[in-house]
Each structure stands twice: as C-alpha cells, then as structure tokens.
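Okay, so here's the structure we're looking at.
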Amino acid sequence: MNIAILGFGTVGTGVYDIIKKGNTTHTQNLTVSHIFVRETRTKDLPEMTANIDDILLNDDVDVVVEVMGGIEPAHDYILKALQNGKHVVSANKAVIAKYMDEFVKTAQDNNVDFYFESSVAGGIPWIKNLERSLRIDNVSSISGIFNGTSNFILDQMKKTGQPFADILKEAQDLGYAEADPSADIDGYDIENKLCISFNLAYNTSIKPSAELPCFGIRNITDQDINYFNELGLIVKLMGKSRRAQNEFDYVIEPTLYNPSQVESSINDNFNYASLNGDTIGELGFMGQGAGKFPTANAVVQDILDIVDQTPRVIPAEKSTLKLNTNLSLTDYLVRTSADLSQYVNSSQIKAVNNIYSLVESMPAGKMHQAMAQLLKEDNQAFMVNIAANDKERVL
Ligand SMILES: NC(=O)C1=CN([C@@H]2O[C@H](COP(=O)(O)OP(=O)(O)OC[C@H]3O[C@@H](n4cnc5c(N)ncnc54)[C@H](OP(=O)(O)O)[C@@H]3O)[C@@H](O)[C@H]2O)C=CC1
Ligand SMILES: N[C@@H](CC=O)C(=O)O
C-alpha cells in the first residue's frame, strides 16, 4: 500500500515515523511513497515533492494522508485525490467540518474511502466507536473534552500557577496547538470536532458558524482557577450536545465539575469523549487528544482499516432533527465588572460575592448571546457553566 503524506509537520512526521519504523506486520506492509511539501522547503528526503500532481495523478499512490491543515488547498487536494480513485485519510477537522458531506459523497461516487478518525480527539478511537454505537442505538447526547491544548492550559494553571501565555507556548512547543492557537483557546477547534461528531451521531449537516454558542478560556485568570479550587470544583472546556425528540442543542463552554465526575480527572493533553446510547448507556473514552504520535497513530489506524476494508456506517438519508440552542436550561457563574442586569433578567441573577454572580435557569443560546453583548463593555468578562448539584457550593 503506497501512502502519500500531504504536509510534513507534527502529524505528518509522526505518520512517517510510525510507518518507517514498521513495528508490526501490519505497518510493515505500508510504504510512504511521497511527501508533499512547500516549494520553499529543502527536500531532504527522497520521497519529498512540491508538485502535487506527482501524487494526485500517480496511479501508484493508494492512500493520500492530508495533514496540512487549513481549508484551501486541503479541500481541493482531498477532492481531487478521491476523484482520482485514491483513498483519503485526513486529520484536518476544519476542512472536514466544512465539507464532510461533499467528501463522503465524492468517496462513495468513486468507490474509495474517506476516513477521519484523528480529526476528533486525537489518538482516541472515537469516530469508530461512535459509528459502532450507531449500529445498535440512537445516540441521545455527546459530551467531551475535545481539545488537548485548552485542557493542558487549564490543568497546568491549576497545578503550577504559571501564566496562561507561558503554558500556551509550552503546548505549542509540544505540538498540541493549532497553527493559529486562538482556535484552541476560543473553542472553535472544539466546534469543528463537535460538528463532525454530532453530524454523524444525529445524521445532520450542521456546519460551524459564528451564530453557534461557543465561549472559550481566553479570559480565564489565576483568580478564577483559585476560586473554583476553593469551591472544590475543576474547570474544563467542554463541547456538549443533547438530543430531545426532534431537536438537539450544542454548546462549547467552560464547565465546572466536582471530583466525583470523570471529567475532573482528565489532565494534561488528554481528551475525554462520551456518548449516551439507548442500550449502551453512558460510554466514555479517554486518551491523548493532541500531539505527534497519538494523532499519527489514529491516522495509521485509518490506513490499516482501509487495508482491511473495514466497512463504515454512513446513512444515506439525512435526519429531520433541528438545532435549537435554547433546548437546555442551566446555571452560570459570571465574572464581570459591568452591570450584568443590563444583559440578563435581574430575577435570574444572584450575587455570590463581590466578584462572581450566579445566573440561574438560562438557555445556553441566550446566555452566550448575553455574554457576547457584555464582552463589548467588559472585554475581560468570563463565564462558566455550573451543574445544579454543585450550586449549593457557591451560595
Ligand atoms: N497536532 C495535533 O495534535 C493534531 C493536529 N490535527 C490536525 O492535523 C493537521 C496538521 O496538524 P499539525 O501537523 O499539528 O500541523 P503543522 O503545522 O505542524 O504541520 C502542517 C504542515 O503542513 C505544511 N503545509 C501547510 N500548508 C501547506 C501547503 N499549502 N503546501 C505544502 N505544505 C503545507 C506546513 O508547512 P508550513 O509550516 O510551512 O506552513 C507544515 O509543515 C491540522 O489540520 C490539525 O488540525 C488533528 C489532531 C491533532
Ligand atoms: N489543537 C488540537 C489538536 C488536536 O486536535 C488540540 O489541542 O486538541
């Protein structure tokens, strides 16, 4: 099986190393025949080329691994590879979240596979197990820590008290962060991953958009972490989606967990992805969600599934489920120097102390809209979702 790797950064070099090392009989049957790099890059390996047609028009290439990132030319190269009868494996959640239906259809039309395990939760076999669950169950919720960089930052802030910027730099050096790390910090990387996950789970076609509730950890401070610590709670940047009858919601937001909840113990660059199915109930997966080898491992697993011709579960018809971002009512702790009652009904606000307020029974969509308005007045404001069971800790 001849593999062409497009993009030779963190993940691309990891895929190359795993295949070159050939630790098992499975990986020994794989060959990296081409590595696509920029024109400006020194071609220090014989497989390297800066001419994409050497790969896309080459009948000897069986699988194209797209790990360049970004939207174009990744979208164009993936489509052309599929149209030219090549299987494609991609870790690029940004392009997949935007063009998943087009890629899946093009793959089906050309009788090849399009696999993307590594695009969500890095090394965790999440997509595969989500698809397995769907063979038996309706999935009624998806929830998880889907970003390794933000989890690493929150964990290190708590453990070391180091400044946010220094920890982010470390995450970048470790190969966890996106080329533009604001995607990690502001939640947009999770948005891509959550869209991919629930579009599979609910058989919908929602694409990431500015209208969807997404609030990251850009404004979190040491003071916030210390306060949550005093409450006995741990903050995680979560992606959550719940389905009820013919509707589903989705939200990305910092969320507090108490020590009895599994999310609270997910540390470092680890992710935790969970679903709820009719008969399986709660099912969760934990592992490294970012980094060279965990991600490359998931890419190579996809290649081996192509070799083994493992069938995928992609339903033909889309469901009629509708997105309703105000489906669930929950509670929030808000830190702002602005007058919160200008943005949220005062009957829902309870002062906790002179820094934080509790906003009760708010639909997520409305709360995120209120915060977007409030941030125009106080650009350092922060909010965190708090479970009903933990509310007594703050009052
Ligand atoms: N790192 C991780 O932990 C994970 C990453 N991913 C995804 O995998 C993909 C790759 O990530 P990662 O390896 O970390 O990123 P890197 O930035 O480390 O690597 C990307 C490589 O592709 C090259 N590249 C980008 N555009 C082009 C182009 N047009 N032509 C030729 N080469 C190009 C880059 O070159 P240059 O540096 O010159 O721009 C770089 O060498 C991304 O989509 C990312 O979201 C998914 C899961 C985990
Ligand atoms: N930047 C991403 C990489 C993996 O998807 C993350 O930190 O999770």
Side-chain angles (χ1 to χ4, degrees), residues 4-17 34-45 48-52 54-56 64-78 89-99 116-124 126-127 144-155 167-168 170-194 196-197 216-217 236-237 239 252 266 268-273 287-299 301-302:
I5 302 173
L6 314 189
F8 206 51
T10 304
V11 184
T13 54
V15 172
Y16 180 82
D17 289 352
H34 296 80
I35 301 168
F36 176 67
V37 293
R38 290 188 195 277
E39 191 67 67
T40 46
R41 182 166 172 157
T42 312
K43 316 287 177 302
D44 45 12
L45 290 170
M48 285 181 169
T49 175
N51 181 357
I52 193 67
D54 285 350
I55 295 167
L56 300 181
V64 169
V65 170
E66 185 278 302
V67 283
M68 300 187 306
I71 303 298
E72 295 295 351
H75 166 244
D76 183 41
Y77 293 168
I78 291 173
V89 174
S90 175
N92 182 348
K93 52 263 164 153
V95 80
I96 298 168
K98 199 162 178 197
Y99 293 111
F116 45 91
E117 180 64 70
S118 54
S119 67
V120 185
I124 299 177
W126 164 245
I127 300 288
I145 296 166
F146 286 112
N147 184 269
T149 303
S150 55
N151 203 52
F152 182 77
I153 292 172
L154 293 174
D155 191 40
I167 306 171
L168 172 60
E170 204 179 329
Q172 289 175 299
D173 293 345
L174 288 164
Y176 301 159
E178 294 303 301
D180 174 1
S182 54
D184 298 292
I185 295 163
D186 294 326
Y188 300 114
D189 179 68
I190 301 179
E191 190 167 279
N192 292 329
K193 292 165 173 172
L194 198 55
I196 294 170
S197 302
I217 57 165
K236 297 290 172 188
L237 183 55
I252 290 135
I266 308 299
D268 296 318
N269 61 330
F270 278 65
N271 281 189
Y272 176 70
Q288 289 188 72
K292 174 172 171 164
F293 284 117
T295 311
N297 179 300
V299 169
Q301 290 285 9
D302 272 353

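Note that ligands are numbered from 1 as they come in the structure, with each ligand's atoms numbered from 1 the same way.
Every atom of ligand 2 with a heavy atom of D184 under 4.0 Å away is listed here by number and element: 1 (N), 2 (C), 6 (C), 7 (O). Taking every heavy atom of G148 and a limit of under 4.0 angstrom, the matching atoms of ligand 2 come to 6 (C), 7 (O), 8 (O). Close contacts of ligand 2 with G289, meaning ligand atoms under 4.0 Å from a residue heavy atom, involve 4 (C), 5 (O), 8 (O). Heavy-atom proximity to K193, at under 4.0 Å, picks out these atoms of ligand 2: 2 (C), 4 (C), 5 (O), 6 (C), 8 (O). If you number the atoms of ligand 2 from 1 as listed, the ones under 4.0 Å from a heavy atom of E178 come out as 1 (N), 2 (C), 3 (C). The ligand atoms of ligand 1 that sit less than 4.0 angstrom from a heavy atom of S118 are 46 (C), 47 (C). Ligand 2 places these atoms under 4.0 Å from at least one heavy atom of A177: 1 (N). Near P73, the atoms of ligand 1 lying under 4.0 angstrom from a non-hydrogen atom of the residue are 29 (N). Shown in contact with F8 at under 4.0 Å from a heavy atom are these atoms of ligand 1, numbered in order with element: 21 (C), 22 (O), 41 (O). Every atom of ligand 2 with a heavy atom of T149 under 4.0 Å away is listed here by number and element: 1 (N), 6 (C), 7 (O).
In this structure the side chain of I124 never reaches within 4.5 angstrom of the side chain of Q288, judged on heavy atoms. Looking at heavy atoms from C-beta onward, N192 lies out of side-chain contact with I96 at the 4.5 angstrom threshold. Side-chain contact between M68 and F8: absent, with no pair of heavy atoms (C-beta onward) separated by less than 4.5 Å. Here the side chains of V64 and L6 are in contact, with some heavy-atom distance below 4.5 Å.
Using a 4.0 Å threshold on non-hydrogen atoms, atom 30 (N) of ligand 1 counts as touching the protein. Protein heavy atoms are found inside the 4.0 Å sphere centred on atom 26 (N) of ligand 1. Distance screen at 4.0 Å: atom 34 (C) of ligand 1 has no protein heavy-atom neighbour inside the cut-off. For atom 37 (O) of ligand 1, no protein heavy-atom neighbour is found at a distance under 4.0 Å.
In terms of protein heavy atoms, atom 8 (O) of ligand 1 is closest to A91 CB, 3.5 Å. Summary of contacts: the protein heavy atom closest to atom 42 (C) of ligand 1 is G69 CA, 3.7 Å. From the protein, the heavy atom lying nearest to atom 10 (C) of ligand 1 is V67 O, 3.3 Å. Of the protein's heavy atoms, A179 CB, 4.9 Å lies nearest to atom 17 (O) of ligand 1. Among all non-hydrogen protein atoms, the one lying nearest atom 21 (C) of ligand 1 is G9 N, 3.6 Å. At the top of the distance list for atom 5 (O) of ligand 2, counting protein heavy atoms only, stands K93 NZ, 2.5 Å. Protein heavy atom at the shortest distance from atom 23 (C) of ligand 1 is G7 CA, 4.1 Å. Of the protein's non-hydrogen atoms, T10 CB, 3.5 Å is the one closest to atom 14 (O) of ligand 1. Of the protein's heavy atoms, T295 OG1, 3.2 Å lies nearest to atom 48 (C) of ligand 1.
A side-chain contact (heavy atoms from CB on, under 4.5 Å) with M48 holds for exactly one of D54, T42, V37; it is V37.
Taking distance alone, with nitrogen or oxygen atoms compared against 3.5 Å, E178 approaches ligand 1 more closely than that limit. Close N/O approach between K292 and ligand 1 is not found [any backbone or side-chain N/O within under 3.5 Å]. Taking distance alone, with nitrogen or oxygen atoms compared against 3.5 Å, V11 approaches ligand 1 more closely than that limit. For G291, a nitrogen or oxygen atom sits less than 3.5 Å from a nitrogen or oxygen atom of ligand 1, counting backbone and side chain alike. The distance criterion of under 3.5 Å between nitrogen or oxygen atoms is met by R38 with respect to ligand 1. Below 3.5 Å of separation, one finds an N or O of G175 facing an N or O of ligand 1. Distances between N or O atoms of N271 and those of ligand 2 include no value under 3.5 Å.
Here the OH atom belonging to Y188 is positioned 14.0 Å from the CG atom belonging to L194, to the nearest 0.5 angstrom. One distance of note links CD1 of I145 with OH of Y272; it measures 9.0 Å at 0.5 Å rounding.
Judged by distance alone, with hydrogens and angles left aside, the side-chain atoms of N151 form a donor-acceptor pair with the main-chain N or O of F270 at under 3.5 Å. The closest donor-acceptor contact from the side chain of N92 to the backbone of G70 lies under 3.5 Å.
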Exercise for review: Determine, stepwise, if the pair T10 / T295 fulfils side chain to side chain contact (heavy atoms under 4.5 Å, CB included).
Suggested key: CA-CA 9 Å; T10 304; T295 311; over 6 Å; no
Exercise for review: Let me see the working for F152 and L174 under side chain to side chain contact (heavy atoms under 4.5 Å, CB included), right down to the final yes or no.
Suggested key: CA-CA 11 Å; F152 182 77; L174 288 164; 3.8 Å; yes
Practice item. Apply side chain to side chain contact (heavy atoms under 4.5 Å, CB included) to V299 and E117, showing your working. Key: CA-CA 7 Å; V299 169; E117 180 64 70; over 6 Å; no
Review point. What's the verdict on side chain to side chain contact (heavy atoms under 4.5 Å, CB included) for T149 and N269, showing C-alpha distance, side-chain angles and the deciding distance?
Key: CA-CA 6 Å; T149 303; N269 61 330; over 6 Å; no
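The heavy-atom pair separating S118 from D302 by the smallest distance is N-OD2, 4.4 Å. Between D268 and D155 the shortest heavy-atom distance is N-OD2, 2.9 Å. Nearest heavy-atom pair across I55 and A4 is CG2-CB, 3.4 Å. For F146 against G239, the heavy-atom pair with the smallest separation is CE1-O, 3.9 Å. When all heavy atoms of P181 and Q172 are compared, the closest pair comes out as CG-NE2, 3.4 Å. Scanning all heavy atoms of the two residues, the minimum distance from G14 to F293 falls at O-CE2, 3.9 Å.
Using cut-offs of 30° and 60° on the angle between ring planes, the pair H75 and Y99 is parallel.
Residue N92 touches ligand 1 through backbone and side chain together, judged by heavy-atom distances below 4.0 Å. Residue A91 does not touch ligand 2, judged by heavy-atom distances below 4.0 Å. In A290, the parts holding a heavy atom less than 4.0 Å from any atom of ligand 1 are both the side chain and the backbone. Contacts between A94 and ligand 1 below 4.0 angstrom, taking non-hydrogen atoms only, are absent altogether. At a 4.0 Å heavy-atom cut-off, ligand 2 touches N147 through backbone and side chain alike. Looking at D189 against ligand 2, only its side chain comes within 4.0 Å, counting heavy atoms.
Assignment of G122 to the shell around ligand 1 is not supported, since no heavy atom sits closer than 4.0 Å.
Residue pairs meeting the salt bridge (charged side-chain N to carboxylate O under 4.0 Å, His left out) criterion with at least one member in residues 172-186, sequence neighbours excluded: K93-E178, K169-D173, D186-R218.
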